**Student:** 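Pasting a structure here, questions to come.
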Amino acid sequence: MATTHEIPAESRTDEGKGASRRLRHTGKVPAIVYGGSDAPANIQLDHNTVWLASHNEWFYSAILDLNLNGKAQKVLLRDMQRHPFKPQLLHLDFQRVDENKAIRIRVPLHFLNQEKSPAGKMAGVLISHALTDIEISCLPKDLPEFISVDLGELAVGDIVHISDLKLPEGVEVPELRLGKEHDAAVVTAQELRQEVEVAAVAEVDAAAAGAAAPAAGAPAAAAAPAAAAKKDDKK
């Protein structure tokens, strides 16, 4: 079960761009919380508090305790708008969580023991992380903050697919229900030497083809002066 984190919030009544602009000037961030049986509510949060929280991985994948006017609500962050170049959050969207209904959310992947693996110990091997997060489905109580991917046995040529991941109990990947073609690669281990050898062979072939072209034209070029000489003799 994931750890929850408390985010203090207050209700707000002013709406519109002007009201949001004034709110930001006071060090607050406008936000909205929606979902569940309650109506959507406009709220405001302390910018520095949320800004610091936004630098943590859990802020995007964990269930948050939104403490609104002294009453806690279980929510998930669903959207966040940032200023194009200033270190400033402009708006946030939170969705209320029903403890009895499954949720779908993307969670990060944590790669473990890569350096200790057979592939990781070899020189000239490229280990690629094709995915860094995946979408999962589970009840709120089963939501993990991340999925661990143990690469301790990864060998050269191996491919780790989504279906190879060890998911916590009660957690599934909805994409896998759509068929094998959706079982994407998560990690691949390829030997770079093969790519270098192929490139070297291609360069040799290109050089040989370039050398062959002038050689093929040489007899024709040599024949031209000889033909000219014969014409002179006849004259």
Side-chain angles (χ1 to χ4, degrees), residues 1-112 131-149 165 167-174:
M1 178 179 177
T3 303
T4 55
H5 307 268
E6 183 173 305
I7 304 294
E10 300 173 336
S11 299
R12 63 183 174 97
T13 55
D14 293 341
E15 298 182 25
K17 293 183 178 179
S20 295
R21 193 178 301 113
R22 291 191 297 271
L23 197 64
R24 296 185 189 106
H25 286 163
T26 63
K28 301 291 184 179
V29 183
I32 187 172
V33 57
Y34 60 88
S37 57
D38 295 337
N42 292 316
I43 61 175
Q44 63 187 39
L45 308 96
D46 178 72
H47 181 272
N48 289 341
T49 299
V50 182
W51 175 255
L52 292 174
S54 70
H55 288 77
N56 294 282
E57 192 178 62
W58 54 258
F59 188 63
Y60 305 92
S61 58
I63 293 177
L64 308 174
D65 277 337
L66 188 68
N67 193 334
L68 181 57
N69 300 328
K71 182 180 179 181
Q73 301 182 37
K74 302 290 186 182
V75 300
L76 288 170
L77 177 69
R78 286 306 191 186
D79 189 40
M80 182 169 65
Q81 299 175 22
R82 298 176 182 267
H83 194 280
F85 56 87
K86 294 181 181 179
Q88 183 181 19
L89 302 180
L90 301 179
H91 193 275
L92 298 99
D93 290 10
F94 295 97
Q95 181 182 3
R96 298 185 185 97
V97 170
D98 186 335
E99 295 288 344
N100 299 313
K101 291 184 179 180
I103 56 176
R104 292 179 65 155
I105 188 173
R106 300 197 72 85
V107 296
L109 299 174
H110 285 191
F111 301 97
L112 309 177
L131 297 178
T132 57
D133 61 19
I134 58 170
E135 184 181 49
I136 62 170
S137 175
C138 64
L139 290 174
K141 68 180 182 65
D142 297 323
L143 176 63
E145 291 185 9
F146 58 86
I147 300 293
S148 296
V149 184
L165 302 181
L167 302 176
E169 185 176 356
V171 176
E172 65 175 0
V173 179

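Remember, predicted model here, so these are calculated numbers, not experimental data. Just so you know, these numbers use all the heavy atoms, side chains as well, and skip hydrogens, waters and symmetry mates.
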**Student:** From L76 CG over to R96 CZ, what is the distance, rounded to the nearest 0.5 angstrom?
**Tutor:**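 So the gap between those two atoms works out to 12.5 Å.
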**Student:** Once you round to the nearest 0.5 Å, how far does NE2 of H5 lie from CG of N56?
**Tutor:**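 Interatomic distance, H5 NE2 to N56 CG, rounded to 0.5 Å: 8.0 Å.
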**Student:** What is the minimum heavy-atom distance between S61 and L143, and which atoms define it?
**Tutor:**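 Between these two residues, the closest heavy atoms are O-CD2, 3.3 Å.
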**Student:** I'd like to know if E135 pairs up with R104 as an ion pair, taking the criterion as any Lys NZ or Arg NE/NH1/NH2 lying under 4.0 Å from an Asp or Glu carboxylate oxygen.
**Tutor:**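 Looking at R104 together with E135, the answer is yes, because their closest N to O distance falls below 4.0 Å.
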**Student:** Roughly how far, to the nearest 0.5 Å, is CZ of F94 from CG of L45?
**Tutor:**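 The distance works out to 5.5 Å.
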**Student:** Considering residues, nucleotides and ligands other than R106, do more than 12 of their heavy atoms fall under 6.0 Å from its CZ?
**Tutor:**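 Counting neighbours around CZ of R106, more than 12 heavy atoms of other residues, nucleotides or ligands fall under 6.0 Å, so yes.
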**Student:** Mind checking the CG-CD spacing from N42 to E10? Nearest 0.5 Å is all I need.
**Tutor:**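 Between N42 CG and E10 CD, I get 14.0 Å after rounding to 0.5 Å.
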**Student:** Out of curiosity, E145 CD to I63 CD1, how far, rounded to the nearest 0.5 Å?
**Tutor:**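 Spacing of CD (E145) from CD1 (I63) equals 9.5 Å.
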**Student:** Identify which one of D93, L92, I105, I7 satisfies the side chain to side chain contact (heavy atoms under 4.5 Å, CB included) criterion when paired with L77.
**Tutor:**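 Going through D93, L92, I105, I7 one by one, the side chain to side chain contact (heavy atoms under 4.5 Å, CB included) with L77 is satisfied by L92 alone.
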**Student:** Set out, in order, the CA-CA distance, both residues' side-chain angles and the distance that settles side chain to side chain contact (heavy atoms under 4.5 Å, CB included) for D65 and K74, then state yes or no.
**Tutor:** CA-CA 5 Å; D65 277 337; K74 302 290 186 182; 2.8 Å; yes
**Student:** Before you tell me yes or no, could you show the steps for Q44 and R12 under side chain to side chain donor-acceptor pair (under 3.5 Å), namely the whole-Å CA-CA distance, both residues' side-chain angles and the distance that decides it to 0.1 Å?
**Tutor:** CA-CA 6 Å; Q44 63 187 39; R12 63 183 174 97; 5.6 Å; no
**Student:** Check L23 against T26 and note the closest heavy-atom contact, atom names and distance.
**Tutor:**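 So the minimum-distance heavy-atom pair works out to O-OG1, 2.6 Å.
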**Student:** Does S148 have any side chain to side chain donor-acceptor pair (under 3.5 Å) partners at least two apart in sequence or in another chain, and if so, which?
**Tutor:**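 Checked S148 against side chain to side chain donor-acceptor pair (under 3.5 Å); zero matches.
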**Student:** Which heavy atom of P144 sits nearest to which heavy atom of V107, and what is that distance?
**Tutor:**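 Shortest heavy-atom separation between P144 and V107 comes out as O-CG1, 3.6 Å.
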**Student:** Can you name the nearest heavy-atom pair linking P168 to I147, along with the distance?
**Tutor:**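 Scanning both residues, the minimum pair turns out to be CD-CD1, 3.7 Å.
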**Student:** Shortest non-hydrogen contact from W58 to A53?
**Tutor:**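 Closest approach of W58 to A53: CH2-CB, 3.8 Å.
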**Student:** Name the orientation class of the two ring planes belonging to F85 and H83 (parallel below 30°, tilted from 30 to 60°, perpendicular beyond 60°).
**Tutor:**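 Plane angle over 60°, so perpendicular.
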**Student:** Is there a side-chain contact between H91 and I32 (heavy atoms, below 4.5 Å)?
**Tutor:**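 They are in side-chain contact.
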**Student:** Closest approach of I43 and A9, non-hydrogen atoms and distance?
**Tutor:**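 Looks like CD1-CB, 4.2 Å.
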**Student:** If you measure from CG on L90 to NE2 on H47, what distance do you get to the nearest 0.5 Å?
**Tutor:**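 It is 7.5 Å, given to the nearest 0.5 Å.
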